[in-house]
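These notes are about the structure you will find just below.
As the structure is a computational prediction, the values presented were derived from the model and not from experiment. For the single chain, residues carry numbers from 1 onward in sequence order.
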Amino acid sequence: MRIRLLVSAAAAMSALAVFSQDAGKMIYVSVYSTNEWKEWGDTYSETGIYSFPLDSYSRTLVKEDVDLDASGGGTMTEDFYFCTKEMNYGAWADITHFTFKPDTWEYNSQLFGATKGVATDLAYDHTTAKIFGCFSTDPDLDEPAGGFVFGTIDEGTGNRYAIKAIDTPWIALGCDRSGQLYAVDMAGNFLKVDKINGSTETLANLGVTASRRSTGAVDTATGTFYVVVTNEDNSTVDQLGYSLTESKLYAIDLATSTSKMVYEFADGEAMGGMYIPGPLADDNAPAAATDLTPTFAPGALNGTLSFTMPDKTFGGAALSGDIEYLIRANGSLFAKGSAAAGADVNAAGKVDSDGEYEFVLELTNAAGRAPKTKLAMWVGHDTPVKIASASLTYADGMFRITWAHPSATEHGGYMDPALLSYDVTRLPDNVKTHSGINDTDITDPVEMPASMIGYSYRIDMSYRGKPVSSFTTDTYNLGTVALPYTLDFEDDNSFDQLTVIDVNGDRNEWYREYAWYIEAHDLECAAAVYPYSSTKQADDWMILPAIAFEAGTTYTVEFQVSTMSDSYAERLAVYFGTAPKPEAMTGTLLAAKNYAIYDPVDEKLTFSPAASGQYYIGFHACSDPDRAGLGIRNIKIDRDANSGIGDIEAADPDAKVIEVYNLQGVKVDLDARAGIYIERRADGSTVKVRRN
């Protein structure tokens with residue numbers, strides 16, 4: 001069972017605040033334009049999250065990402081960073097809402113939006129878990145074009161809900177620890193905002209005005225509202241081709257409504273989505289719960305979450321009395337109740353179905369809500385991972401297919417191997433050989449075919465009766481190819497019947513090259529190519545499909561060799577053996593030979609096997625490192641022409657065959673005859689020669 005304990009956003013912010021204070025208090029903000037970036041042109045930017053100290057100007061990149069763009073508003077919630085990216089193309093705009101994980105800044109979600117979702121600035125209220133903002137009006141909603149409304153936005157759907165129309169747009173919004181919302185408008189008015197009806201009270205004026213949207217946030221640790229005031233100097237357009245921007249940081253004391261300019265941003269940064277790490281809970285609210293621990297039986301949907309109630313307030317004072325708790329699983333109620341401060345709690349509940357769940361524990365008392373405590377885990381049965389590999393072998397007229405039950409699940413949750421089942425289908429004839437089995441070592445009888453057929457097996461896995469995934473084994477070429485056998489590599493599928501083995505594991509192996517260049521003839525042609533390794537000795541095999549050879553019969557192996565250099569020799573050897581494996585290649589047809597020539601070399605090898613049977617011929621690249629490339633084409637295998645003899649019709653084709661000989665006079669098995677052979681029939685007086 002995989003469990004992820006998540007620090008609540010409030011606690012995470014507190015942790016960040018402690019870190020920030022070590023190096024000086026910081027604000028974090030999305031920067032989506034600067035004067036310097038404009039100089040490089042419209043396509044250049046280093047958009048992302050940046051940090052700025054609160055005492056003197058400097059800019060430090062936290063995370064660069066083109067989608068960490070809060071040009072349409074942004075804010076940090078308790079769970080994620082939310083921002084709206086507005087790409088304005090004049091006649092139309094591309095609007096997208098994004099969320100990012102605040103601990104890693106990894107992309108979390110994306111949602112396409114509309115004009116109504118574009119904000120001058122946003123602020124998250126932890127007391128209502130809502131995002132408030134100053135939004136553009138949308139004529140599609142029968143709102144006047146070019147106006148603004150105060151409202152909320154649902155980050156999950158992109159829906160914006162208007163509360164009240166705004167005459168002068170707000171450039172900054174922020175919430176304090178009690179949930180009180182503040183704003184600053186473009187006229188420099190500092191406003192106290194009623195979140196219910198949108199009414200405002202003017203508390204002061206900063207003495208400045210703004211011509212562009214910007215951003216702000218409350219430092220909940222100090223009760224200071226930091227606001228960015230941004231103006232655009234359009235007089236520079238004719239000279240520079242773009243307008244310079246001027247941005248300044250102001251600090252407003254919420255207790256006294258007094259303000260001061262902190263500093264000017266040196267590069268005229270255009271920014272949005274400011275946040276300042278700090279505590280969210282009221283000092284008299286409970287501290288966070290501790291020791292949140294899940295207990296679920298394997299595969300069960302019901303279980304308990306155990307935790308310990310705090311005995312201190314968020315501010316550190318002694319806590320007494322009952323504290324209410326509420327646990328949600330992916331937003332749905334899991335358990336609720338109350339317990340005394342410091343008590344151990346076992347909260348029982350049930351989820352609806354198997355899946356990944358985030359459990360969120362909230363504690364409240366009369367003073368307010370504690371920081372959330374979170375835990376993520378998979379509940380119920382998980383989905384097994386795919387089958388990793390399977391073995392396919394053949395012996396004594398039987399295929400054997402073996403594999404292993406998956407030992408892991410997709411999400412680290414529970415799985416019972418006894419509930420796995422498999423359907424197995426033989427290909428290419430599409431015959432279902434096994435159905436609903438739990439065994440992972442099975443056999444399938446298949447007769448040796450008259451000609452070579454490539455067999456494989458598809459294993460369809462189900463868990464608890466539901467299909468999960470499929471795995472298909474490698475192809476096993478059963479049977480032999482007929483003589484004469486030719487291979488010119490012109491066909492795209494030329495390698496389908498070959499066995500390629502990269503013994504040294506350097507990933508430089510035989511492959512089909514459709515445009516192998518033979519310089520001596522200025523010819524591009526198809527070939528089997530070994531490309532060479534710059535560091536390793538070649539140890540790579542290309543093995544042909546099985547061929548039935550008769551004892552005593554002479555056979556020829558012909559092919560053409562060329563290289564990409566006449567200075568760096570490639571080395572090739574040719575063997576034959578009873579299996580398509582290097583260790584089975586025991587018969588030498590061509591001892592290792594060097595080739596360093598542009599003009600193709602035609603090789604013709606002859607051999608006569610000591611015993612009749614099924615054999616494989618293997619080409620072994622064994623060059624030194626850092627060579628130039630080796631190519632083979634026009635492979636042909638046949639009986640030696642000197643063994644040929646014409647067809648002789650039998651006098652009595654119905655007489656029983658009792659003995660068979662090859663043309664060298666060696667007796668062979670009745671079932672091993674092929675090509676030209678000699679039969680002795682039952683009457684003893686007639687000898688026939690026949691081509692099979």
Side-chain angles (χ1 to χ4, degrees), residues 452 454 474-475 477 481 483-547 555-577 580 582 585 588-607 616-638:
M452 192 177 72
D474 292 336
T475 299
N477 293 317
V481 293
L483 294 180
Y485 173 78
T486 60
L487 185 60
D488 58 13
F489 300 102
E490 293 293 340
D491 193 305
D492 290 344
N493 302 319
S494 296
F495 263 62
D496 286 357
Q497 295 182 344
L498 307 183
T499 301
V500 175
I501 304 174
D502 178 16
V503 177
N504 60 15
D506 63 357
R507 297 186 180 181
N508 294 290
E509 59 185 21
W510 290 98
Y511 72 98
R512 175 186 175 269
E513 172 58 62
Y514 70 93
W516 174 250
Y517 183 62
I518 300 179
E519 184 172 334
H521 300 296
D522 191 23
L523 172 67
E524 278 192 352
C525 57
V529 172
Y530 171 73
Y532 80 86
S533 168
S534 59
T535 59
K536 287 190 175 184
Q537 177 87 21
D539 190 1
D540 291 83
W541 290 83
M542 178 180 67
I543 302 175
L544 304 183
I547 301 174
Y555 298 90
T556 59
V557 179
E558 300 178 62
F559 55 94
Q560 190 180 81
V561 184
S562 56
T563 67
M564 286 293 287
S565 171
D566 59 359
S567 302
Y568 298 95
E570 294 281 2
R571 188 177 303 121
L572 176 71
V574 184
Y575 299 87
F576 70 95
M585 293 287 150
T588 302
L589 298 179
L590 174 69
K593 179 179 178 180
N594 287 334
Y595 297 88
I597 187 169
Y598 291 128
D599 198 20
V601 176
D602 292 312
E603 296 283 8
K604 184 175 182 179
L605 315 175
T606 60
F607 77 106
Y616 299 83
I617 293 174
F619 294 82
H620 185 213
C622 47
S623 309
D624 293 331
D626 205 19
R627 301 291 90 187
L630 171 70
I632 294 177
R633 59 194 296 260
N634 296 334
I635 297 173
K636 182 179 179 181
I637 302 172
D638 201 359

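- Among pairs with a residue in residues 517-535, none fulfils salt bridge (Lys or Arg N to Asp or Glu O under 4.0 Å), at least two apart in sequence or across chains.
- The shortest non-hydrogen separation linking V481 to P545 is CG1-CG, 3.9 Å.
- Contacts classified as salt bridge (Lys or Arg N to Asp or Glu O under 4.0 Å) and involving residues 535-547 (residues at least two apart or in different chains) are not found.
- Residues meeting the side chain to side chain contact (heavy atoms under 4.5 Å, CB included) test with N493, sequence neighbours left out: D491, D496.
- With R633 as the fixed residue, the side-chain contact (heavy atoms from CB on, under 4.5 Å) test singles out one of V561, L487, I518: I518.
- Between Y575 and A573, the shortest heavy-atom contact is CE1-CB, 3.5 Å.
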Practice problem: Walk me through it: do Q497 and M452 pass the test side-chain contact (heavy atoms from CB on, under 4.5 Å)? | Solution: CA-CA 9 Å; Q497 295 182 344; M452 192 177 72; 2.9 Å; yes
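- Partners of P625 by side chain to side chain contact (heavy atoms under 4.5 Å, CB included), not counting sequence neighbours, listed by chain and number: Q537.
- For the atom pair CG of L630 and CE of M542, the computed distance is 9.0 Å after rounding to the nearest 0.5 Å.
- Counting only residues at least two apart or in different chains, salt bridge (Lys or Arg N to Asp or Glu O under 4.0 Å) contacts with residues 565-576 comprise R571-D624.
- The shortest distance between side-chain heavy atoms of T563 and R627 does not fall below 4.5 Å.
- Partners of K636 under the side chain to side chain donor-acceptor pair (under 3.5 Å) rule, at least two apart in sequence or in another chain, do not exist in this structure.
- Crowding of N504 atom CG: a count of heavy atoms from other residues, nucleotides or ligands under 6.0 Å exceeding 12.
- Rounding to the nearest 0.5 angstrom, the gap separating the CD1 atom in I501 from the NE2 atom in H620 is 9.5 Å.
- Closest non-hydrogen pair, S562 versus P600, comes out as CB-CA, 4.1 Å.
- Among residues at least two apart or in separate chains, ring pair (Phe, Tyr, Trp, His ring centres under 6.0 Å) pairs with a member in residues 489-536 are F489-F495.
- Rounding to the nearest 0.5 Å places CD1 of I635 at 5.0 Å from CG of L544.
- For Y595, the ring pair (Phe, Tyr, Trp, His ring centres under 6.0 Å) criterion is met by no residue, not counting sequence neighbours.
- Listed by chain and number, the residues in a side chain to side chain contact (heavy atoms under 4.5 Å, CB included) with E490 are D488, A526 (sequence neighbours excluded).
- Rounded to the nearest 0.5 angstrom, Y485 OH and D638 CG are separated by 13.0 Å.
- Of all heavy-atom pairs between A591 and T588, the closest is N-CG2, 3.7 Å.
- For P580, the side chain to side chain contact (heavy atoms under 4.5 Å, CB included) partners two or more places apart in sequence, or in a different chain, are T499, I543, Y616.
- Smallest separation of non-hydrogen atoms from A569 and N594: CB-CB, 4.1 Å.
- The nearest pair of heavy atoms linking D506 to S533 is OD2-CB, 3.2 Å.
- Atom-to-atom distance recorded for F619:CZ and L498:CG is 9.5 Å, nearest 0.5 angstrom.
- With contacts defined as side-chain heavy-atom distances shorter than 4.5 Å, the pair L590/F559 qualifies.
- With sequence neighbours excluded, no residue satisfies side chain to side chain donor-acceptor pair (under 3.5 Å) with D502.
- Take N634 and apply the side chain to side chain donor-acceptor pair (under 3.5 Å) test, not counting sequence neighbours, and it matches no residue.
- Between I632 and L572 there is a side-chain heavy-atom pair separated by less than 4.5 Å.
- Considering CG of L589 and CD1 of I617, their distance stands at 6.0 Å, rounded to 0.5 Å.
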